[in-house]
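See structure below.
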Amino acid sequence: MRIVSLVPSATESLLAWGIVPVACTRFCERPELPHVGGTKDPDLDAIVELAPDLVVMCEEENLRPHHEELVQRGLRTFTFRIDGVDDVAPELARLAREACVEVPPLVFAPPSSGPAFNRRLRAFVPIWRRPWMTMSGGTYGSSLLDRLGVDNVFADAATRYPEVELSEVAARNPDVVLLPTEPYPFKERHRAELSPIAETVLVDGQDLFWWGTRTPAAIERLAAVLADLRSRR
């Protein structure tokens, strides 16, 4: 089946299943594959010219007008909706059926196992800088942290990805600031800016935000980071 993937997480999962997309986005980090623009600005003409059997999209990462135009131009689409860890396995199974492949089901460790639940932590997770932005409770990243015994201090935000001031972050008194390496490319040098609020730890942004076949191992890797953090507290 000829598949165009407009979702980095889906591209990674398809490749893990042995399915090589005929094209993907520049954000999929697959330089060996043809690119058809980005998640928010795909080259729709190029996608149509590829005559794919299926275009894989995501409600959060792609735009509805692009989906509607692809459908109007006669292409078959598949759209993920991922709001939490519990959505990953059934959504991947749904894609597997659409792609006509048999894949093993994802298996997650029980959320209450291991050191992650010895003591819950309160975390601030910036996803952007200038302006500072974070995530609310209705997101995959927040759901994954909850599974690891970490409470998102902005879980009650009214918008999915709110802008915040550092004074507001400090007032919420997090135990830790988790700096993900994407979507904003936070690096070691950014820790000093946030360390007055709480201990600041760099984490793999793909493990925190890319869902799919990587999710079980990502949970284990992030659990190890958190276990190391807890051991120092």
Side-chain angles (χ1 to χ4, degrees), residues 5-12 24-31 35 37-42 57-63 80 82-85 88 121-148 150-212 214-215 217-219 221-226 228-229:
S5 174
L6 301 182
V7 189
S9 297
T11 301
E12 182 177 65
C24 63
T25 76
R26 62 178 178 271
F27 299 117
C28 294
E29 299 189 2
R30 294 290 175 173
H35 292 170
T39 54
K40 296 292 193 292
D41 59 348
M57 307 182 76
C58 174
E59 284 190 4
E60 178 164 272
E61 297 185 55
N62 305 122
L63 301 180
F80 278 102
I82 304 287
D83 293 319
V85 172
V88 176
L121 296 172
R122 290 168 43 78
F124 168 59
V125 184
I127 62 169
W128 206 255
R129 179 173 177 268
R130 296 181 181 173
W132 290 103
M133 296 180 69
T134 187
M135 58 187 177
S136 73
T139 57
Y140 172 78
S142 188
S143 168
L144 189 150
L145 289 176
D146 178 67
R147 192 178 185 93
L148 292 168
V150 178
D151 296 322
N152 171 11
V153 297
F154 282 95
D156 62 346
T159 57
R160 197 168 176 87
Y161 297 108
E163 293 185 14
V164 297
E165 299 291 338
L166 291 187
S167 58
E168 184 182 1
V169 176
R172 297 200 175 209
N173 195 31
D175 298 312
V176 62
V177 175
L178 298 177
L179 275 184
T181 54
E182 64 171 73
Y184 186 90
F186 286 109
K187 295 181 172 55
E188 187 69 27
R189 68 175 184 272
H190 296 114
R191 291 178 61 182
E193 193 170 5
L194 292 157
S195 58
I197 295 173
E199 181 175 0
T200 302
V201 179
L202 279 169
V203 296
D204 187 326
Q206 291 186 0
D207 275 351
L208 186 54
F209 297 122
W210 285 35
W211 42 262
R214 79 157 46 223
T215 298
I219 289 173
R221 287 188 291 265
L222 290 169
V225 172
L226 293 168
D228 181 64
L229 172 64

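In what follows, every heavy atom counts, from backbone to side chain, and hydrogens, waters and symmetry copies are set aside. Note that the numbering runs from 1 along the sequence shown for the chain.
- Across every non-hydrogen atom of V153 and R172, the tightest pair is O-NH1, 2.7 Å.
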**Q.** Test side-chain contact (heavy atoms from CB on, under 4.5 Å) applied to L6 and T25, step by step
**A.** CA-CA 6 Å; L6 301 182; T25 76; 4.0 Å; yes
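- Considering CZ of R147 and OG1 of T215, their distance stands at 9.5 Å, rounded to 0.5 Å.
- Under a 3.5 Å cut-off, the side chain of S143 and the backbone N or O of V85 do form a donor-acceptor pair.
- For the atom pair CG (L222) and CG (D204), the distance works out to 7.5 Å, reported to the nearest 0.5 Å.
- For the side chain to side chain contact (heavy atoms under 4.5 Å, CB included) with W132, the lone residue among V169, I127, L194 that qualifies is L194.
- Applying the ring pair (Phe, Tyr, Trp, His ring centres under 6.0 Å) test to F124 and every residue at least two apart in sequence or in another chain returns F154.
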(Q) Please evaluate residues V177 and V201 with respect to the criterion side-chain contact (heavy atoms from CB on, under 4.5 Å), reporting the C-alpha separation (whole Å), side-chain torsions for both, the decisive distance (0.1 Å), and the verdict. (A) CA-CA 6 Å; V177 175; V201 179; over 6 Å; no
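- Counting only distance, with no hydrogens or angles, the side chain of S9 and the backbone of W211 share a donor-acceptor pair below 3.5 Å.
- Note: F186 and H190 have perpendicular aromatic rings, judged against thresholds of 30 and 60 degrees for the angle between ring planes.
- Atom CG in D207 sits 10.0 Å away from atom CD in E182 (nearest 0.5 Å).
- Atom CG of residue L226 and atom CD1 of residue I219 lie 11.5 Å apart, to the nearest 0.5 angstrom.
- Using a distance-only test at 3.5 Å, with no hydrogens or angles considered, no donor-acceptor pair links the side chain of S142 to the main chain of Y140.
- No side-chain donor-acceptor contact under 3.5 Å links R160 to the backbone of T139.
- The minimum heavy-atom distance linking M135 with L145 is given by the pair CE-CD1, 3.8 Å.
- The shortest non-hydrogen separation linking K187 to L179 is O-CD1, 4.4 Å.
- The closest donor-acceptor contact from the side chain of N152 to the backbone of V125 lies at 3.5 Å or more, if one exists at all.
- Side-chain atoms of N62 come within 3.5 Å of backbone atoms of C58 as a donor-acceptor pair (strictly under, hydrogens ignored).
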Only pairs under 3.5 Å count here: list side-chain donor-acceptor contacts from residues 161-168, not counting sequence neighbours, and write none if there are none.
unit_1	atom_1	unit_2	atom_2	d
Y161	OH	E60	OE1	2.9
Y161	OH	E60	OE2	2.9

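- Separation of atoms CG (L63) and CG (D41) is listed at 9.0 Å; rounding is to 0.5 Å.
- Between the SG atom of C28 and the NE2 atom of H35 there is a distance of 7.0 Å, given to the nearest 0.5 Å.
- Here the closest heavy-atom approach between residue E61 and residue P8 is recorded as OE1-CD, 3.4 Å.
- Shortest non-hydrogen contact noted between V88 and G212 is CG1-N, 3.7 Å.
- Between L121 and L229 the shortest heavy-atom distance is CD1-CD2, 3.7 Å.
- Scanning for ring pair (Phe, Tyr, Trp, His ring centres under 6.0 Å) contacts around F209 gives an empty result, with sequence neighbours left out.
- Using a 3.5 Å distance cut-off with no hydrogens or angles, the side chains of E12 and Q206 do not pair a donor with an acceptor.
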